[in-house]
Structures are given as structure tokens and as C-alpha cells.
Protein chains: 2
Amino acid sequence: MSFYSDDVWKAELNARGYRSTPQRQKILNIFQTLTQGNHLSAEDLHDLLKNDGERISLSTVYRTLHLLVYMGLLRELELAEGHKHYELNRPMRDHHHHLVCVQCGQTLEFQEANIDRIGQGQADSSGYHVLDCQLMLYGICSDCRSRNTAPTAPN
Amino acid sequence: MSFYSDDVWKAELNARGYRSTPQRQKILNIFQTLTQGNHLSAEDLHDLLKNDGERISLSTVYRTLHLLVYMGLLRELELAEGHKHYELNRPMRDHHHHLVCVQCGQTLEFQEANIDRIGQGQADSSGYHVLDCQLMLYGICSDCRSRNTAPTAPN
DNA sequence: ATGGGTGCAAACTGTTTGCAATCTG
DNA sequence: CAGATTGCAAACAGTTTGCACCCAT
């Protein structure tokens, strides 16, 4: 299920002028072994590493996340929580989209190859190299709608 | 070009237990007269109001933006700048999507009715009431790609 | 040995909140 | 008049940055 072995990724990093470090290897591995559909915040990832007994600072976590997004290996998700989440970017397969309830934060995932196709087409015709393509649907789930019979204040 | 006249919106607010205030009216009007394709951050909006001689606090701007998103009148955009932008939500017409270059931040808009149709279908079958549907494409524009012959560091 | 990477702590930015005063219905 | 809304200032969360030390290449 791994896309990059440690040394292939090391080569990839070196080719771009970056260096392979234990922290970077460890972080990529966490994402590569993460169950499909899970996503981590910077804080989540930091805790996870700490619990694993790793010695790593939150700054390095942030710096590595940026690097991985920049290299196209991770995708950055803006869900309902107010902070970013990250997951492995699987451009061709298992690529999915998100449906978020703006009231309770419930998040559903779904796949839809047509969207990726359309997005790819748009990017091509604009000369962009696609790193990520996400359809974000924001709405109100049926539970919240039924709970809303009485007018409620946002927040 | 206005969707809500001041008193129709007042009625809408009252029907939901909210009150119409000069600040809220003013903010909605700004968005309703904003040129299609423009979007404002909370700060932008606050400056705009201040320059117009309005007396309004940044907190109220934030609170009103939340309310408008919650009511489905605005859509919240996560572009490349690190803070949120808002624009009028035009569900049926002029609805568009964004293509963002993660390196230079250049943003292109495009329309694609099929996406909205697919999104709507997904939401329906999950029991969601859609407030917003946005396809976000993140990539690297051709200018940045050609500028990238030498490896560059992120940030 | 060179210069990229890390950890730490401090700074920063955008956003939220508590509270007293004010305005709307 | 009751209760929703505002402005202010202080608090907050997540993220970024400067710098001295460390480690890959």
C-alpha cells in the first residue's frame, strides 16, 4: 500500500535539492499507512509521533506538511473544524471528495470520476499542472435540518 | 442585480428570529453590488465599510459573515492567501469554481454546470441541503512551472 | 565542511468571545 | 421593554519565524 519506499523518496528529495531526514521519512510513512479516508491535522500528526516515542517538534511537522503538499504528495483539506487536515494524495485511484455539514461538522466522502475528469480538462486548458482536485459540498445534513424546526443561532 | 431588497431581507431575518440592523443591511448590499468574480476577506470588507464612512467593528463583520454563510447567502472560499474570502452565493446562475496556483496564488474562475449537477445529486442522495458546491483545483500554473527549472524551496 | 534541517520559544494573523451599552421589534 | 446586536479589548488557536545547534551530503 506504500507508494514510496524510504529510499525512493530519499532519491526524490535529493533530486530536488532537499535532504532526507528521519522526521520526513516518518511523516510520509504515517500518511502512507493511514487508512483510506482518514486525515490528520498538524496537531494530530504531532501527537501521533509523540506517542510513538518520536522526538519531533511541531514546527517541523508544519514545515514537512508544507513540503509534502508542495511536492504533491499530500492534499490539504479545509473541512469544518477550523484548521487544516492532510491526507495522502492519490491522484488516480481512490480519489474522493467531501460533503460537509456546516452545522454539526459531519463529513461524508464520495467518489466521482467525472469530476476528476472535468477538473483535469479545465486545468489542462489553462496550462496548469494539477496537484489536487476536490469538490467541496457544504450543506446541512438531514439530522440538523430536522433539529432546526425552531430557529437557531449560528454558533 | 440585487437579489434582496432591504425590506425583503428584513422580513427574511425577522422570520428566522433575527433582527435587521444597518450593519447587516450594508454588508449584504456590498456583496450584492460587488462585481461578479470579486471576493472579499473580512478585513477587506471592514476597510471598505470604514472608507464609506460607516461605523462598524471587525467583530460585527465576522459575525455577519457567519450569519450570511449560515443562511446560504454567501459562500466561503478558501483560496491561497491563508484567510477566507466571501462572495455572493448564486446557486443557479453565474455559479463558478476556482483554479489556484499554489506557488504564485494566481486564481482562475470557470463555470461548469455538470459539476453543480453532480454535486447536487450527491447531496440529494445523502439527504443534505446544499448551501455551496465548489470545485477547488490546486496546481502549478505554466509561468511557475517554467520558473521552476531550478529547484525552489516552498515559501 | 557546507549549508539544509531541526527544536525551541517568541511572534504573528486571523478569528472568537465576554461584557456593558445600545438598538430593534 | 425584553432580548438581540453591537463595539471594544482581551483572549485564542493555529501557524510561522529567528536563531543557535545539528546532521545529511
Please determine whether a side-chain nitrogen or oxygen atom of [X] lies at a distance below 4.0 Å from atom OP1 or OP2 of [N].
| X | N | answer |
| --- | --- | --- |
| H66(A) | dT15(D) | no |
| Q23(B) | dC23(C) | no |
| T60(B) | dG7(D) | yes |
| N14(A) | dA24(D) | no |

- [ ] Could you tell me whether the side chain of E76(B) reaches within less than 4.5 Å of the side chain of D132(B), counting heavy atoms only?
- [x] no
Open item on the list: Quick check: do L73(A) and W9(A) have side-chain heavy atoms less than 4.5 Å from each other?
Closed with: yes
What's the closest nucleotide to the [X] side chain, out of [options]?
| X | options | value |
| --- | --- | --- |
| T21(B) | dT6(D), dG3(C), dA9(D) | dT6(D) |
| Y62(B) | dT15(D), dT15(C), dG25(C) | dT15(C) |
| R19(A) | dT2(C), dT15(D), dC8(C) | dT2(C) |
| K84(B) | dG7(C), dG14(D), dT15(C) | dT15(C) |

TODO: Give one of base, sugar-phosphate or nothing for S41(B), where a contact means two heavy atoms less than 4.0 Å apart.
DONE: nothing
TODO: For D44(B) and S41(B), test the side chains for any donor-to-acceptor distance below 3.5 angstrom and give the result as yes or no.
DONE: yes
Round to a whole Å and report the spacing from [atom1] of [X] to [atom2] of [N].
| X | N | atom1 | atom2 | result |
| --- | --- | --- | --- | --- |
| L58(A) | dC8(C) | CG | P | 11 Å |
| K50(B) | dC8(D) | NZ | C1' | 11 Å |
| I56(B) | dC8(D) | CD1 | C1' | 14 Å |

Task: Donor-acceptor pair present, R63(A) side chain and dG4(C) base, under 3.5 Å - done: no
